[in-house]
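Source: prediction; values computed, not measured.
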Amino acid sequence: MDQQERNRRWATGESYDRYIQSEFASFRKEAWKKQITEHFQGRQNLEILDVGTGPGFFACILAQAGHRVTAIDSSEGMLACARANAERLGVAPVFRKMDVNAMAFPPARFDVIVSRNVTWTLEHPEQVYRAFRDLLKPDGMLLIYDANWHLHFFDEQARERVLAREQRHFETYGVREVVSGGDMAYYETAPLTRIRRPAWDRKTLEGLGFSVCITEDIGRWLYEQWEKDLYGESPLFEICAMKSASDAIRENMHTYWQQRAASFGFGEATVRRLMDQVRPCLPEGQLDVLDVGTGTGVVAAAMARLGHRVTAADLCGNMLEKAKENLTAMGLTARYVCAAAGKLPFAENSFDVIISRNVTWALPEPEQTLGLWQKLLRPGGRLIYWDGNHYYYLFNETDAENRQRLQALAGTVHGENGYDDRGNPLPVDYSLCDQTAVDLPLSRLDRPWQWDNLRLPEMGFAILTEQVYRPQTLLDQGAAAGFYTSFFLAAVNKKQKNSAEAGEENEDFTKIL
């Protein structure tokens with residue numbers, strides 16, 4: 001089927017516009033606006049591209065929210081409806097007739113790209129996703145709303161369930177709506193109609209360097225009841241994909257932690273506390289342990305003190321030198337490797353335990369990085385980490401207020417970490433971390449509930465234990481114990497054994513200290 005023939009399927013927007021008019025007139029207008037703009041974390045006046053705008057629903061509600069919207073569609077009929085809707089609502093998105101396969105914009109043009117019920121139609125979806133990446137700014141966001149609309153054409157049991165839903169809809173509402181029928185000649189030209197999504201999208205987008213977060217069945221918040229009933233076989237999903245700005249992030253974090261290295265030390269009490277916390281989560285025997293982002297080595301020291309073989313990895317040479325100095329002073333040994341958390345140069349199945357402390361929040365691509373860690377773990381191995389919502393205050397008003405209260409009580413939010421061991425102030429640019437945290441995907445989430453508890457099981461980990469500490473609750477009593485939630489989490493790697501043999505790590509990309 002040629003492109004001209006495909007375009008004829010969408011030549012007129014009248015029937016779709018009737019549906020859009022019902023959305024404008026119902027709770028769905030504000031529900032959709034909230035669903036999308038909550039991702040913007042209060043940012044205003046964003047440059048947004050609405051791909052396949054149809055009658056302009058997204059373009060209009062996002063323009064109403066104060067953003068600069070460019071909306072494209074290949075159908076002049078759809079665009080005519082979109083312009084009429086914009087005029088009626090008193091907004092002025094820029095509408096352009098344009099094919100999604102040949103988008104004529106300069107690179108890094110947009111802060112956000114949105115689309116609804118478009119990606120399933122693509123003949124070359126990976127090519128289009130690559131174009132989305134190129135059109136986004138380094139910290140840009142891609143929001144895709146779609147469903148497995150036509151998978152039932154390739155699954156007989158699913159088709160029977162769709163037919164049953166159609167019958168119940170007719171009996172309840174007296175209106176015959178057909179979901180089970182359609183244009184098979186067209187669907188055959190769209191490969192995503194027969195691929196179960198959004199698993200395909202996650203894999204493809206992560207391969208293109210995006211950090212991906214998926215929410216299933218968002219129709220529960222956005223649909224009328226009749227839509228939930230009729231379209232329940234194809235739940236609407238949301239894909240929020242952040243374009244990686246990892247090079248800039250890594251550089252900022254490297255500079256920051258190099259500066260902070262001189263401020264970090266630890267005592268025997270801290271090592272004992274970590275040993276007591278982690279010991280119940282470990283398998284029996286002497287273990288091969290990888291401490292990622294070791295910093296000045298406190299976790300490495302705890303694991304070495306427990307008798308395990310420890311490899312301590314960190315991006316910052318200053319931190320590794322400090323770690324080596326600290327462990328040597330305690331009579332402990334480890335192997336020290338200079339490498340980024342997402343570029344660890346070890347063979348699969350190399351470790352029984354991967355452990356980290358206050359590292360995961362700083363990962364530019366957390367899911368990709370934890371996927372790498374899982375490969376490095378042996379089957380049944382342990383993933384263990386401490387972390388907290390260190391920079392959630394940049395996005396959450398309550399945390400920001402608690403931070404101010406802590407500063408008023410303690411005089412600082414950095415404790416003694418802003419000084420060297422002689423009490424002299426360190427030349428540390430704390431704003432580097434704040435500036436970087438704004439662009440990190442986990443900084444904006446209320447953890448562990450909004451990410452760790454959801455993603456780890458999906459990735460093949462079984463959570464063994466989770467301990468949550470909320471020192472901000474003590475602020476009301478005048479106790480300056482902290483302003484953000486922190487947590488300790490241990491999980492088991494459920495992957496099965498395979499034929500891959502653990503080999504020697506490639507030292508070409510690391511510096512062994």
Side-chain angles (χ1 to χ4, degrees), residues 6 8-36 52-58 60-61 75 77-78 81-82 84-85 88 115-122 143-201 214-239:
R6 286 172 58 84
R8 272 201 288 271
R9 264 59 176 185
W10 306 101
T12 176
E14 292 178 3
S15 61
Y16 191 22
D17 190 44
R18 286 193 292 272
Y19 176 79
I20 294 302
Q21 295 303 321
S22 72
E23 287 194 309
F24 279 129
S26 76
F27 79 94
R28 289 173 290 178
K29 176 186 172 185
E30 292 304 317
W32 268 111
K33 189 185 298 184
K34 181 175 184 288
Q35 180 72 30
I36 296 171
T53 190
F57 182 73
F58 275 9
C60 290
I61 64 174
S75 165
M78 291 284 189
C81 295
N85 288 328
R88 184 172 59 255
S115 76
R116 177 167 67 148
N117 300 338
V118 170
T119 52
W120 74 263
T121 71
L122 300 174
L143 290 170
I144 294 173
Y145 299 92
D146 213 337
N148 291 295
W149 295 117
H150 308 294
L151 195 59
H152 59 271
F153 285 103
F154 307 92
D155 182 333
E156 186 58 36
Q157 291 183 338
R159 187 171 185 276
E160 291 177 3
R161 292 193 294 271
V162 169
L163 287 168
R165 288 179 180 276
E166 290 177 350
Q167 183 60 31
R168 289 196 297 271
H169 180 85
F170 176 70
E171 293 170 356
T172 303
Y173 299 99
V175 177
R176 181 70 70 185
E177 292 284 353
V178 178
V179 179
S180 58
D183 188 345
M184 277 300 296
Y186 181 80
Y187 301 154
E188 289 286 358
T189 71
L192 294 188
T193 57
R194 50 192 175 274
I195 295 175
R196 188 161 295 280
R197 303 173 62 200
W200 179 91
D201 304 75
I214 291 173
T215 305
E216 301 273 11
D217 192 17
I218 63 167
R220 56 191 149 160
W221 305 305
L222 301 167
Y223 278 167
E224 302 276 6
Q225 187 58 49
W226 69 266
E227 294 172 291
K228 297 176 184 178
D229 297 338
L230 184 61
Y231 302 130
E233 191 60 32
S234 304
L236 191 66
F237 57 76
E238 174 193 76
I239 301 171

S.K.: Considering only heavy atoms from C-beta outward, does the side chain of Arg165 approach that of His169 to under 4.5 Å?
M.R.: no

S.K.: Hey, what do you get for CD1 (Ile61) to CD (Gln35), rounding to the nearest 0.5 Å?
M.R.: 10.0 Å

S.K.: Find the distance between CD1 (Ile218) and CD (Glu216) and round it off to the nearest 0.5 Å.
M.R.: 10.0 Å

S.K.: Quick one: does NZ or CZ of Arg28 land under 6.0 Å from the six-membered ring centre of Tyr19, within 45 degrees of the ring axis?
M.R.: yes

S.K.: Without swapping roles, check the side chain of Arg159 against the backbone of Phe154 for a donor-acceptor pair under 3.5 Å.
M.R.: no

S.K.: What's the shortest heavy-atom distance between Thr119 and Leu192, and which atoms?
M.R.: O-CD1, 3.4 Å

S.K.: Does the side chain of Asp146 reach to within under 4.5 Å of the side chain of Arg197, using non-hydrogen atoms?
M.R.: yes

S.K.: Would you mind reporting whether Trp32 and Leu222 have side-chain heavy atoms less than 4.5 Å apart?
M.R.: yes

S.K.: State the CG-CD distance between Asp229 and Glu177, to the nearest 0.5 angstrom.
M.R.: 12.5 Å

S.K.: Closest heavy-atom contact between Ala147 and Pro235?
M.R.: CB-O, 3.4 Å

S.K.: Using 0.5 Å steps for rounding, measure from the CG atom of Asp217 to the OG atom of Ser234.
M.R.: 11.0 Å

S.K.: Tyr223: which residues meet the ring-ring contact (aromatic ring centres under 6.0 Å, His included) condition with it, sequence neighbours left out?
M.R.: none

S.K.: For Gly219 versus Lys228, what's the shortest heavy-atom pair and its separation?
M.R.: O-CE, 3.6 Å

S.K.: For His152 and Val179: C-alpha separation, side-chain torsions, deciding distance, then whether side chain to side chain contact (heavy atoms under 4.5 Å, CB included) applies.
M.R.: CA-CA 10 Å; His152 59 271; Val179 179; 4.1 Å; yes

S.K.: Which heavy-atom pair separates Arg116 from Phe57 by the least distance, and what is that distance?
M.R.: NH2-CD2, 3.5 Å

S.K.: Looking at Arg196, is its backbone amide N or carbonyl O close enough to the side chain of Asn148 to form a donor-acceptor pair, meaning the two atoms are under 3.5 Å apart?
M.R.: no

S.K.: Mind listing the closest non-hydrogen atom pair of Tyr145 and Leu236 along with its distance?
M.R.: C-CD1, 4.3 Å

S.K.: So which atom in Cys60 and which in Asn85 form the shortest heavy-atom distance, rounded to 0.1 Å?
M.R.: SG-C, 4.1 Å

S.K.: Side-chain contact test, heavy atoms from C-beta onward, threshold under 4.5 Å: evaluate it for Thr215 versus Trp221 and give yes or no.
M.R.: yes

S.K.: Between CD of Glu166 and CZ of Arg176, what distance do you get to the nearest 0.5 Å?
M.R.: 8.0 Å

S.K.: Supply the atom-to-atom distance Glu224 CD to Tyr231 OH, rounded to the nearest 0.5 angstrom.
M.R.: 11.5 Å

S.K.: Using only atom types and a distance under 3.5 Å, with no angle test, would you say the side chain of Asp155 pairs donor to acceptor with the backbone of Ala158?
M.R.: yes

S.K.: Relative to the ring of Tyr186, is the ring of Trp120 parallel (under 30°), tilted (30 to 60°) or perpendicular (over 60°)?
M.R.: perpendicular

S.K.: Output yes when Arg168 and Glu171 qualify as a salt bridge under the 4.0 Å nitrogen-oxygen rule, no when they do not.
M.R.: no

